[in-house]
Every structure is written in C-alpha cells, then in structure tokens.
Chemist: 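Supplied in structure tokens, the structure appears directly below.
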Protein chains: 2
Amino acid sequence: MLNDISRFRRFSRAVTSEVGALDHSFLGRGRPLGAARVLNAIGHGRTDVAAIRAYLGLDSGLMSRLLRSLEEEELIELSAGPDDGRKRQAVLTPAGEAEFAIYEHLSNERAEKLLSSHAHPQALLDAMDLIASALGRDRWSFEEVDPRSEVALQCLEQYYAELNRRLEAGFDVKLSADPDAESMMRPKGAFFVTLSDGMPVGCAGLKGTDKGYAEIKRLWVSPAARGLGLARKLMAETEEAARQLGIKVLRLDTNKALPEAVNFYRKEGWTEIDRFNDDPYPDYFFEKLL
Amino acid sequence: MLNDISRFRRFSRAVTSEVGALDHSFLGRGRPLGAARVLNAIGHGRTDVAAIRAYLGLDSGLMSRLLRSLEEEELIELSAGPDDGRKRQAVLTPAGEAEFAIYEHLSNERAEKLLSSHAHPQALLDAMDLIASALGRDRWSFEEVDPRSEVALQCLEQYYAELNRRLEAGFDVKLSADPDAESMMRPKGAFFVTLSDGMPVGCAGLKGTDKGYAEIKRLWVSPAARGLGLARKLMAETEEAARQLGIKVLRLDTNKALPEAVNFYRKEGWTEIDRFNDDPYPDYFFEKLL
DNA sequence: TGATTTATCTGACTTTAGTCAGGTAAATTG
DNA sequence: CAATTTACCTGACTAAAGTCAGATAAATCA
C-alpha cells in the first residue's frame, strides 16, 4: 500500500504542476486569476452570479469587485434577473467573447499538445475518464430523461456496442425486444441517466408493461465509472420511480457473458426465476418484489 | 477531436478541484501555503535551500522570509553548508517532523480514501502512472547505474515478468544468456535507467564482449511510459556510451512475440542479420554500425 | 402593509504572494 | 591578494486574495 500511495502522489505532483502551468499561461493575459476564472465561468454558460460564486467559492464582496473589474474592461454586461431583480445575470460582450475564446484556446492547446504527442491518445483519455469519474463520484447528478434524448442515446450506443463485443453471438438491438420509448416514460415507466460533470456515465430504464410487472432494462455503467457503486445507485433511483408508479413486481433478464451483472443482481436481493419472455439474448431471469 | 478535448478538460476540472481541496486542507494547519510547501520540501529530504528554491520556483527574498517564519515556529533549523558556507542547509526539528507528519497524513489520507473506495484500485493507479508519465515526459532523467542497483532491479523484474507473460514458452532469465553485471558496467559496457519524477520507467544495457561487437540488452520501457519516444532516447543514450567506449559494432536480438520491438529496430536503422548466438529465446537478430 | 429575508454592493481592512534594489559574507578567479 | 561572483538576507514596496461589517434594494412573509 505504501508504494500505491507513492504512485498516487507522483500523479498528484504531475497534475499540480500541470494545473500551475495552465494558471501561469492564463496570467499571461494580464488579468488576475480570479477575474479570469469568473470570465471563464461566464463564458461556459454560467450566467447566474450566485451560481458562479458558489462554483468558485468566492466571498460576495470579492465577487462583486471581480465583476466590476470585468465590467470596466467591457468584457461582460450585468443585468437584473428577469424574475428576481436581486439576482444578477452576467453575459459576455463581443469583446468578452473574444477574450474568452483566447482562454479557451490556451486550455485546448495544452490538451491537444499532450494528446497529439502521445502514440496512444485514446488510452490516455480512457485513463483520464477513469480518474475524473473516481474523483467526481460524490458529484453525480441523476436525471430523468426521454430515452430518445441525446444523452440517453449516447449511453445506449455504448451499451449496445459493449453487448455486441461481449456476447458470443454479438448483439443486434433490432433482434432484441427493444422497448419503445413511451414504455420507459411517465406514466408507464421512466428512464434515468447519470451525469458526472456533464459526461453521461450510466443509465437505467424502467419499462412498464400490462402483464402485472415492470422490467428493468438498459442498466449500464460506463467502464470509466465502474467500481464506484453507481449501478446500485441507479437501481435505487429506478426502484424508487417504480414505487411512485405503484409498481409491485420488477423483473429483468441478463446474459451469461455478463457475469458481474448476474453477480450484482444476486447480491442486490433479486431472485432467479424461470424464463418469462422469448427474447433471444438473455440466459438469466430475475425478479424483485417491492 | 473536439470530444477528446472535452474529455481532457473534464479531467482537468476534476484534478484542479482535487488539488484545490488538498491545498485547502493544508491551510487548515494555520500556516500559509508557501510556508507549508517549504516545510514539506524539507521533510521530503531537500535540505539544500537553493534546491528548494529552484523546485518551488521562489524568489530568494520570499524564500528567505518563509525560512525565517518556519525557524520562528521552531520547525526547522538552518546551518551553513559543510563545504560551502554560503549554501544553507535546512533540517526539521522534532516539532518540524511532527508537523510534517501531519501534512503527510493529510496527503496520504486523501490517496487512501480514493484508492480504497474504488473496486479496482490497481486500474486507477495504472491510469495515474500513464498520465503522470505523459505529463512528465520533458522531465526525464537518464542515469547510468550499476545493473545490480535497486532501480535497475526494479526495471529488470518488470521486464522479465512481461517477457514471461508475452513469450509463448514463457521466460526464465536463468535459461537465457544473462549478462553478468561487470559486462554492463564501465569499462566494458554501461547500464541506464530513466526516472520520471523518481519512478523508474525504462532501462537499457550495453554489454561489452570480446567478440568484436557489443550488445544492446534489456531495453525496456514501462507500459505507463510507452508511446512517448522513450525507447529511442534510451537507445541514443546507450549508443552514445558505446561510441565513448570506442565500440564500432552493435548487435541485439529479440523475439517474434514482441512485434513493436522488431518494428522499432527496423525503423531505427538496424539491419537484420543471421543468428549470432545460441540463446533459446530470440527469433530476430539485428546489427548497427556506429 | 410592515417586517424580514435575500442578493448584491461598498468601504475598510489584513494576509499572502511576489518583486526589486541594495547589502553581507563566503567562495572563486585572475 | 584584490576583484568578482555566488548564496542568501533585509527593507521597501505592490498586487492579489480574502474577510467583515454595514448599506441598499428587491422579494417574500406574517
């Protein structure tokens, strides 16, 4: 374990110096870091002054002064909030957009340089996803979305690709009993995605049926977010939705090529039952009474 | 590529906030960050004031004041350098050791917490090694060492383990023509390791013989540091040593289970020759004239 | 409607970080 | 050995970050 920690700390030193170098390049724009951070927060779409303050952890007095200095530079414009005149809204002026673009360029440039100088950039990005997901595990947001929405499709695409990779016979969603979107939306069912700092890292569908039970479908966790207990949380979220909808019996099926999934359902208190559908893919069938 | 960059920047945000949180926990000790950093540098064995100054990038005036404040807290003691009375040496007092231990604990605690809360900590550490190596690629140090030294053995152990994993018949160093240490040390030969922030990430041996040629042996790059051009640099270092020793002909052998190595030698201007030894493992034989 | 809460602003302040121009004493050079 | 260089120290300064106690105006509550 001691050696593990020294590896962790070597990583810490490396990223600390990288973060410091980026800060230093930001200072090259002739503006204190605090002001640069506020400008960038606004550029990234945070218009609500209170939200920026919370995000950057700034004192209200300090925030006020930083906004003033950006205003004097004519990089931002402040206005009263539309429904609450106390809450101020900040937007970039054209000059602010230009300045923000330069900061973006500085950031992107470092990213591109590192990625393009590596012979295996995808491996590097996978490693980054893994670490970012582990560091961000206590900032997950669970959102109920339309299963046809952009984020949902991003999850499902990766889910299908993984099934196709791992199932002996491959996987073609058209051959499977693909639930239609309405069955996974209120009032019949629900569909959840988990976002980790904006990146979709997991999903789960609750498919209502008229057969006296509902099904859990499309439970998927991104490889980068595995081992963090996300599946359990997604499952809890989905079961809660089922209870709200008055559902008493949950069922699901899975494949023998996914042993960790089979294991997970057993550990989570599901009981194995007989085949309850004629979908060609599943080998295992589970049930849980709510 | 745009999506790659957004993944990179998600990683950046995650580690920035992690770095910030650690700094914040350091501030909880009631000492400004600058002083804490100096104390920690001394605790980690940097006694030379000039070295600390270079490492932390501090102005001499600021450094002097930070040392003074730590001295007033009776956490460190300064003395004149043994051979140069201008260079000051800093060491921790017992109270300083105690305070340093607390900072260490804060750092290690975060590391342990993250690692132990993850189901696959080794995957996380591999990811960290990969990223730390990529970020630290312009701070490699090449050192000529005794092939029996600790760092050399660390490299060789991993090298043998990988051969054993990848070669069809496995690999037992005792069955191979294991060069004795003297043949890879001056004046016969040389042995190099590459350190990346203290971690050995690669090695290469130059084995002198009395047969009119010298051999490149044990060229290895850690998986975390592959794709960064390290093998080429190690090779250049080794060839330079060979030239210094007046060697005119270099030879090496390798195995068909290591296609990237075979590829590398071809690309680096080596010419394939007939088998020149009776070692059971190699399938390919190369030569290069200096 | 008057009292209270909330979001932001202002002024006065402290601490930390960082810069710069000399100064001192040890070491090195010609 | 005198002149110069080097490593560190000191004092005087500036800028940035952060804190805190009111002030103000909009929103909400009783």
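All chains are named by letter (A, B, ...) in the order of the sequence lines, taking the proteins before the strands, and each is independently numbered beginning at 1.
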Chemist: Starting from P on C:dT16, measure out to CG on A:L33 and report it in whole angstrom.
Modeler: 19 Å

Chemist: May I ask you to verify whether the side chain of A:R65 and the base of D:dG18 hold a donor-acceptor pair under 3.5 Å?
Modeler: no

Chemist: Under a plain distance cut-off of 3.5 Å, with no hydrogens placed, do B:R110 and B:S25 share a side-chain donor-acceptor pair?
Modeler: no

Chemist: Would you classify A:D48 as touching base, sugar-phosphate or nothing, given that sugar-phosphate means primed atoms plus P, OP1 and OP2, and contacts are heavy atoms under 4.0 Å?
Modeler: nothing

Chemist: Any side-chain N or O of A:R68 under 4.0 Å from OP1/OP2 of C:dT10?
Modeler: yes

Chemist: Hey, which of these two, A:G85 or A:G34, hits DNA chain D nearer its 5' end, going by closest nucleotide?
Modeler: A:G34

Chemist: Using a heavy-atom cut-off of 4.0 Å across all strands, would you classify A:D59 as base, sugar-phosphate, or nothing?
Modeler: base

Chemist: Rounded to whole angstrom units, what separation is found between the CG atom of B:D83 and the C1' atom of C:dA27?
Modeler: 11 Å

Chemist: Rounded off to whole Å, could you give me the CG-to-P distance for the B:L27 and C:dT16 pair?
Modeler: 9 Å

Chemist: Can you tell me how far C1' of D:dC29 sits from CG of A:D84, to the nearest Å?
Modeler: 15 Å

Chemist: Between B:R53 (CZ) and D:dC8 (P), how many Å, whole number?
Modeler: 6 Å

Chemist: Taking the minimum atom-to-atom distance to the side chain of A:R86, which one of D:dA27, D:dG18, D:dC8 wins?
Modeler: D:dA27

Chemist: Measuring from the side chain of A:S64 (C-beta onward, heavy atoms only), which nucleotide among D:dA27, C:dC9, C:dT8 has the closest atom?
Modeler: C:dC9

Chemist: Taking only the side-chain heavy atoms of B:L62 (C-beta and beyond), determine which of C:dA7, C:dC9, C:dG18 contains the nearest atom.
Modeler: C:dG18

Chemist: So which nucleotide from C:dG18, D:dT5, D:dC9 ends up closest to the side chain of B:L78?
Modeler: D:dC9

Chemist: May I ask you to evaluate whether B:R88 reaches the phosphate of D:dC9, defined as a side-chain N or O under 4.0 Å from OP1 or OP2?
Modeler: yes

Chemist: Between A:R7 and B:D129 (salt bridge meaning N to carboxylate O under 4.0 Å), is one present in this structure?
Modeler: yes

Chemist: On DNA chain D, compare the nucleotides closest to A:P82 and A:R31; which residue's is nearer the 5' end?
Modeler: A:R31

Chemist: Going by an N to O cut-off under 4.0 Å, is there a salt bridge joining B:E77 and B:R88?
Modeler: no

Chemist: Please report, rounded to the nearest Å, how far the C1' atom of D:dT19 is from the CE atom of A:M63.
Modeler: 17 Å

Chemist: Assess whether a salt bridge exists between B:E182 and B:K188, defined as any Lys/Arg side-chain N lying under 4.0 Å from an Asp/Glu carboxylate O.
Modeler: no

Chemist: Classify the nucleic acid contact of B:G61 as base, sugar-phosphate or nothing, counting any heavy atom under 4.0 Å across all strands shown.
Modeler: base

Chemist: Against B:F192, only a single residue in B:L234, B:V145, B:L206 fulfils side chain to side chain contact (heavy atoms under 4.5 Å, CB included); can you say which?
Modeler: B:L234

